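Single-structure report; data block below.
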Amino acid sequence: MKKVLGLGNALVDIMTQLESDSFLDQFELKKGSMQLVDKSLSARVLEKTEGLKKEQASGGSAANTIHGLARLGVPSGFIGKVGNDVLGKFFSDDMKASGINPMLYTGKDESGCAIALVSKDGERTFATFLGAAIELSAADLTDKEFAGYDYFHIEGYLVQNYELIRSAVALAKKHGMMISLDMASYNVVEQHREFLMELVNEYVDIVFANEDEARAFTGHEPEKALEAISGMCKLAIVKTGKDGSLVKHGENIHKVEPIKANCIDTTGAGDLYAAGFLYGMAMGRTLDICGRFGSILAGNVIEHIGAKISEQRWEAIRKEIAAI
């Protein structure tokens, strides 16, 4: 089986169920976006949400994808940076428990955390304090971490550090790896569009984007965005929410239907879609089946709070996928 390496912000997700979206207005957080916040604002948001229902889990976009792959039996590794603290140990232990090889550096700051504010309609808004995660640098990366892996998956949330990304993708290409990129968030794409264009054209083989991210990247709606992205890389995937997803390779387009699901929280939907899709690729399956695997994982993760799926549900997912 192919092996997958992830690179991303090592964060602990603090899933918080909002009683009203007016809370977002108080902190000028745009619904559905990912906003970077400093330590002070992160503390204020945590204080103001005290008393609301919360759950904690290791997170970060690429880490969520790697968790999903590991749960499906794919040999996986993850590169990130945490603080020398309780949250950093929690993150590392959670990865090891899932069978992931955590290549975690220790930073000077506290471990990062992403406060995921979940609205009544399931949409989530992130107030993210990157902490030690943002200290990961190009100087940390060596051939040792990349050796032996076949796929390299990176998250768009890292693009504020151009030097890190350029060094990482160069190492991945040196080792003959296929590179996949998850666009991560429409506002991140808007802020770093020129760099992302360069990255996709020169290095990336597979692009995952939801319709908002695809629109921010290309200026087009899903079908035309798919066409535009596929002209820059080998394989383009545009996720269209309740309508499923579109996959394009060369001249071939696949429309993938979603599975029926009761959406409670969309956190991790895109990350787990990527996990299912990359699992299919690692197993040598056709692209329509890869998309179907992505839909199965995404449909399951949105039926509960947070980006993690229970072991009982994973057992059912593995059986369903094995039968396809």
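One-based numbering along the sequence shown. Note that the coordinates shown come from a computational prediction; the quantities given were computed from them, not determined experimentally.
Put simply, the side chain of Asp140 gets close to the backbone of Ser137: a donor and an acceptor are under 3.5 Å apart. Without hydrogens or angle criteria, Ser98 side chain to Ile100 main chain gives no donor-acceptor distance under 3.5 Å. Of the possible polar contacts, one joining the Glu135 side chain to the Lys108 backbone as a donor-acceptor pair under 3.5 Å is found. Using modelled atom types, no side-chain atom of Trp314 and backbone atom of Arg71 make a donor-acceptor pair closer than 3.5 Å. Side-chain atoms of Lys174 do not come within 3.5 Å of backbone N or O of Gly176 as any donor-acceptor pair. Looking only at distances, a side-chain donor or acceptor of Asp38 sits under 3.5 Å from a matching main-chain atom of Ser40. In this structure, Thr218 contributes its side chain and Ala214 its backbone to a donor-acceptor pair below 3.5 Å. In this structure, Thr49 contributes its side chain and Leu46 its backbone to a donor-acceptor pair below 3.5 Å. Judged by distance alone, the side chain of Ser58 and the main-chain N or O of Asp94 form no donor-acceptor pair under 3.5 Å.
Counting only N and O atoms by type, the side chains of Asn84 and Thr106 include no donor and acceptor under 3.5 Å apart. Of the N and O atoms on the side chains of Gln35 and Ser33, at least one donor lies less than 3.5 Å from an acceptor on the other residue. Side-chain contact annotation: Asp21 with Ser119, donor-acceptor N/O pair under 3.5 Å present. Side chains of Glu145 and Thr142: a donor-acceptor N/O pair is present below 3.5 angstrom, by distance only. If you check the side chains of Lys3 and Ser76, you find no donor sitting under 3.5 Å from an acceptor.
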**Asked** Please walk me through it: do Asp265 and Arg124 pass salt bridge (Lys or Arg N to Asp or Glu O under 4.0 Å)?
**Response** CA-CA 7 Å; Asp265 171 22; Arg124 81 284 183 272; 5.6 Å; no
**Request:** Run the numbers on Phe277 and Phe293 for ring pair (Phe, Tyr, Trp, His ring centres under 6.0 Å), then give the verdict.
**Result:** CA-CA 6 Å; Phe277 197 99; Phe293 290 165; 9.5 Å; no
**Request:** Could you walk me through whether Met197 and Met232 pass the side chain to side chain contact (heavy atoms under 4.5 Å, CB included) test, one step at a time?
**Result:** CA-CA 8 Å; Met197 283 280 183; Met232 305 176 205; 3.7 Å; yes
**Item:** Candidate pair Ile237 and Ile206, rule side chain to side chain contact (heavy atoms under 4.5 Å, CB included), full reasoning
**Value:** CA-CA 8 Å; Ile237 300 101; Ile206 307 167; 3.6 Å; yes
**Prompt:** Gln160 and Leu130: side chain to side chain contact (heavy atoms under 4.5 Å, CB included), yes or no, with the steps?
**Reply:** CA-CA 12 Å; Gln160 73 278 351; Leu130 291 173; 4.1 Å; yes
**Message:** Is there a side chain to side chain contact (heavy atoms under 4.5 Å, CB included) between Leu196 and Val189? Walk through the geometry before answering.
**Reply:** CA-CA 7 Å; Leu196 284 168; Val189 176; 4.1 Å; yes
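Of all the heavy atoms in Ala307 and Gly268, the pair that sits closest is CB-CA, 3.9 Å. Of all heavy-atom pairs spanning Gly107 and Ala132, the tightest one is CA-CB, 4.2 Å. What you find for Leu5 and Ile66 is that their closest heavy atoms are C-CD1, 4.0 Å. Taking all atoms of both residues into account, the shortest heavy-atom contact from Leu11 to Cys113 is CD2-N, 4.0 Å. Nearest heavy-atom pair, Ile259 versus Asn300, reported as atom, atom and distance to 0.1 Å: CD1-ND2, 4.0 Å. Scanning both residues, Lys239 and Ser245, for their nearest heavy atoms gives CA-CB, 4.0 Å.
Distance check, rounded to the nearest 0.5 Å: CD1 of Ile324 to NZ of Lys319 gives 15.0 Å. Of the inter-residue distances, the one linking Asn64 atom CG with Leu69 atom CG reads 11.0 Å to the nearest 0.5 angstrom. Note: Ile302 CD1 to Asn262 CG = 8.0 Å, rounded to the nearest 0.5 Å. Atom OG1 of Thr125 sits about 10.5 Å away from atom CZ of Phe23, to the nearest 0.5 Å. Note that CZ of Phe78 is 10.0 Å distant from NE2 of His153, once rounded to the nearest 0.5 Å. Here Leu181 contributes atom CG and Asp205 contributes atom CG; the two are 11.0 Å apart, rounded to the nearest 0.5 Å.
Annotation: side chain of Leu297 is not in contact with side chain of Val301 (no heavy-atom distance under 4.5 Å). Residues Val256 and Val247 meet the side-chain proximity criterion, which asks for heavy atoms closer than 4.5 Å. Counting only heavy atoms from C-beta outward, the side chains of Asp143 and Leu171 approach each other to under 4.5 Å. Taking the side chain as every heavy atom from C-beta outward, Met15 and Val118 approach each other to under 4.5 Å. The closest side-chain heavy-atom distance from Val4 to Asp150 is not below 4.5 Å. Using a 4.5 Å heavy-atom threshold, the side chains of Arg318 and Leu72 count as touching. Considering only heavy atoms from C-beta on, Leu235 stays 4.5 Å or farther from Lys248 through its side chain.
Applying the 6.0 Å contact sphere to NZ of Lys31 captures more than 12 heavy atoms from other residues, nucleotides or ligands. Residue-environment remark: NZ (Lys89) stays at or below the threshold of 12 foreign heavy atoms within 6.0 Å. For Lys2, the NZ atom is loosely surrounded, since the number of other residues' heavy atoms within 6.0 Å does not exceed 12. Within a 6.0 Å sphere centred on CD of Glu19, other residues, nucleotides and ligands contribute 12 heavy atoms or fewer. Residue-environment remark: CD (Glu311) exceeds the threshold of 12 foreign heavy atoms within 6.0 Å.
The aromatic rings of His192 and Tyr162 sit perpendicular, their planes meeting at an angle over 60°, well past the 30° parallel limit.
In this structure, Phe90 has no ring pair (Phe, Tyr, Trp, His ring centres under 6.0 Å) partners at least two apart in sequence or on a different chain. In this structure, Phe126 has no ring pair (Phe, Tyr, Trp, His ring centres under 6.0 Å) partners at least two apart in sequence or on a different chain. Residues satisfying the ring pair (Phe, Tyr, Trp, His ring centres under 6.0 Å) test with His304, not counting sequence neighbours, are none. Shown here are the ring pair (Phe, Tyr, Trp, His ring centres under 6.0 Å) partners of Tyr273, two or more places apart in sequence or in another chain: there are none.
Both tests do not hold together for Lys39 against Phe129: distance to the six-membered ring centre under 6.0 Å, angle to the ring axis within 45°.
Met283 and Leu287 fall within a single hydrophobic cluster, where Ile, Leu, Val, Met, Phe, Trp and Tyr side chains are chained together by heavy-atom contacts under 4.5 Å. Put simply, Val37 and Leu87 are part of two different groups of oily side chains (I, L, V, M, F, W, Y) that touch within less than 4.5 Å, one to the next. In terms of hydrophobic clustering, with Ile, Leu, Val, Met, Phe, Trp and Tyr side chains grouped at heavy-atom distances under 4.5 Å, Leu29 and Val188 are assigned to different clusters.
Sorted by first and then second residue, the pairs that involve residues 189-198 and meet salt bridge (charged side-chain N to carboxylate O under 4.0 Å, His left out), not counting sequence neighbours, are Arg166-Glu198. Sorted by first and then second residue, the salt bridge (charged side-chain N to carboxylate O under 4.0 Å, His left out) pairs involving residues 286-309 (not counting sequence neighbours) are Glu303-Arg313.
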